[in-house]
Amino acid sequence: MEQLLQPEAVEALLRWYETHRRDLPWRHTKDPYRIWISEIMLQQTRVEAVKPYYTRFLEAFPDVAALAEAPEQKLMKLWEGLGYYSRARNLQKAAKTVVERYGGEMPADEEALRGLCGIGDYTAGAIASIAFGIRAPAVDGNVLRVLSRVCGSYDDIAKQETKKKWSEALRSSIPEDAGSFAQAMIEIGAVVCVPNGEAKCGECPLEPYCAAAKQHLTDVLPVRSAKKPRRVEDLTVLLIRDGVRTALHQRPKKGLLAGLYELPNLPGHLEEDTLPEVIRGLGFEPLRIRRIEDSKHIFTHIEWHMIAYTVQIAPEFDGFHAQSGMLLVENGDLRAHYAVPSAFSAYTKYLW
Ligand code: ADE
C-alpha cells in the first residue's frame with residue numbers, strides 16, 4: 001500500500017518530538033503496566049488532571065498483581081474525581097486476566113492486548129508501540145484530526161469505520177521507533193494541531209506535507225458529524241445529616257456510576273414542602289430542611305440538573321439504616337474511604 005506519510009514527514013515528526021516533547025511522568029518508562037495505566041487514565045481526561053492520579057495509583061498498585069488483588073473500595077477511592085469509573089473496574093478485570101493467563105506480565109502482542117477488558121484498538125496499539133516497540137497504529141481522536149488534515153480527507157471522524165481505515169492505512173508508515181512515532185502523533189494532536197482554536201501550523205513539522213495547511217482547510221477539516229443531544233435528568237439531592245454522620249447510598253451494580261456511593265437523590269425537582277413526607281418515607285425524622293445551590297453535571301450521554309437540600313435529622317444509632325438501605329458514615333471516614341463521584345462535588349463541601 002502507498003504510504004500515508006512520506007518517510008521525510010515521519011523523519012521530521014520524530015526530530016520535532018525529540019526536542020519538543022512534554023516531560024510527562026509516563027514518558028520516563030517503558031514498563032507496559034505503567035503505559036497501560038497512563039493510557040487508560042488519559043482517555044477523555046486532560047493530561048494535567050491525570051498526573052497526580054497516575055502517581056498515586058502506581059504507588060498504591062505498583063504492578064499487575066497488586067492491581068488484581070486491590071480491594072474494590074480502595075481502587076474506587078484512588079479513581080475518585082477522575083470519572084468514567086468503569087475504566088478502573090475494567091483495569092482490575094484485565095489485571096486478573098493478565099495474572100491468570102500471562103503470569104502477571106503484560107503480553108507483548110497487539111491482538112493479545114486487545115483481548116483484555118477495556119483495551120480497544122487505540123489502547124492496544126499505544127501499549128504495543130510505546131512499551132514494546134511493535135509497529136502498531138495508535139489512532140485516537142487527536143491522531144485522526146492530524147491525519148485528516150495532513151491527507152486533506154473529508155471522511156467523517158465520528159465513524160468507527162473511518163478510524164479503522166486510518167489505522168490500517170497508517171501501519172506501513174510506522175517507523176522502527178514505533179513508540180516515539182505513536183507519542184509524536186499524539187503530541188502533535190495535543191499541542192500543535194489542537195482540537196479547539198486555531199491550528200499552530202507555523203510550529204508544525206508536518207506543515208510542508210499537510211494538505212489542509214496548503215489549502216487553508218484547517219478550519220474545515222476534520223469533518224465530524226454531530227453527536228446525539230444528551231438526555232437531561234432532573235434530580236433532587238439530599239444531604240441527610242445527624243450532626244456527625246451523613247447518609248450515603250450505594251448505586252446499583254450496573255449502569256451509570258455502577259456500585260459507587262452517592263448522596264441520596266430522587267428523580268425530579270421536589271418542592272421544599274413535599275420533602276418532610278418524602279424523608280419520613282425513607283425512615284428518617286427531619287428536623288430542619290434548607291435549600292442549597294443548584295448544580296449541573298455533564299456525562300457523555302446524560303446531563304444531571306440538580307437541586308439540593310441539607311436535611312438535619314434526629315440522631316441515628318445504626319451505621320446501616322435498614323429502612324432506606326443507606327449507610328450513615330462519619331465524615332472523616334467518608335473522606336478517607338468512600339469514593340463519591342464528582343457529579344456531587346458542588347455538595348461534598350457541605351460534608352466537612
Ligand atoms: N493522550 C493519550 N496518550 C497520551 C500520551 N501517551 N501522552 C500524552 N497524552 C496522551
Side-chain angles (χ1 to χ4, degrees), residues 10 13-58 79 81-84 86-88 90-91 94 106 108 110 113-114 116 118-150 157-158 160 162-164 166-167 170-171 173-175 177-197 199-200 203-206 222 224 300:
V10 172
L13 176 72
L14 290 176
R15 257 185 278 121
W16 173 87
Y17 180 66
E18 210 151 276
T19 49
H20 290 79
R21 55 190 266 171
R22 286 170 295 173
D23 182 17
L24 303 174
W26 44 90
R27 289 183 177 168
H28 293 274
T29 182
K30 288 219 181 291
D31 175 355
Y33 171 67
R34 288 170 180 256
I35 302 296
W36 174 37
I37 301 300
S38 73
E39 288 299 337
I40 299 295
M41 286 188 170
L42 286 160
Q43 287 169 8
Q44 338 225 18
T45 311
R46 289 174 310 105
V47 163
E48 287 309 313
V50 165
K51 282 181 185 172
Y53 284 90
Y54 175 79
T55 309
R56 266 184 269 137
F57 193 93
L58 290 169
W79 208 268
L82 206 50
Y84 306 102
S86 55
R87 292 184 293 175
N90 286 339
L91 271 176
M106 297 290 287
E110 200 184 339
L113 288 165
R114 205 176 289 139
L116 296 170
I119 299 188
D121 295 341
Y122 164 77
T123 309
I127 301 169
S129 57
I130 298 169
F132 298 114
I134 296 169
R135 295 172 67 219
V139 177
D140 68 354
N142 291 323
V143 175
L144 273 179
R145 178 173 58 258
V146 177
L147 292 174
S148 302
R149 285 177 172 165
V150 170
I157 65 164
Q160 204 51 37
T162 304
K163 198 182 244 189
K164 280 240 179 285
W166 282 121
S167 295
L170 187 61
R171 241 177 231 284
S173 299
I174 301 174
D177 186 355
S180 294
F181 176 76
Q183 299 240 41
M185 289 295 285
I186 292 165
E187 197 73 350
I188 288 282
V191 302
V192 176
C193 201
V194 289
N196 303 306
K200 301 172 185 167
E203 299 170 24
C204 186
L206 296 176
R224 173 190 269 284
T300 315

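Keep in mind that the numbers below use all heavy atoms, side chains included, and drop hydrogens, waters and symmetry copies. Atoms within a ligand are numbered from 1 in the order they appear, just like the ligands themselves.
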Minimum-distance protein heavy atom relative to atom 5 (C) of ligand 1: W26 NE1, 3.6 Å

Residue and atom name of the nearest protein heavy atom (relative to atom 4 (C) of ligand 1), distance in Å to one decimal: L42 CD1, 3.4 Å

Those atoms of ligand 1 less than 4.0 Å from some heavy atom in [X]:
X: E39; result: 2 (C), 3 (N), 4 (C), 5 (C), 6 (N)
X: Y122; result: 2 (C), 3 (N)
X: Q183; result: 5 (C), 6 (N), 7 (N)

K200 side, atom NZ; I188 side, atom CD1 - distance, nearest 0.5 Å: 11.0 Å

Identified side chain to side chain donor-acceptor pair (under 3.5 Å) counterpart of Y84 within the set T300, N90, T45: T300

Among K163, E39, Q43, side chain to side chain donor-acceptor pair (under 3.5 Å) partner for Y122: E39

W36 and Y33 aromatic ring geometry - parallel, tilted or perpendicular at 30°/60° bounds: perpendicular

More than 12 heavy atoms from other groups under 6.0 Å of NZ on K164: no

Residue part near ligand 1, for L24, under 4.0 Å between non-hydrogen atoms: side chain

Region of R27 that comes within reach of ligand 1 [heavy atoms, distance under 4.0 Å]: side chain

Side chains of R114 and E110 in contact at under 4.5 Å (non-hydrogen atoms): yes

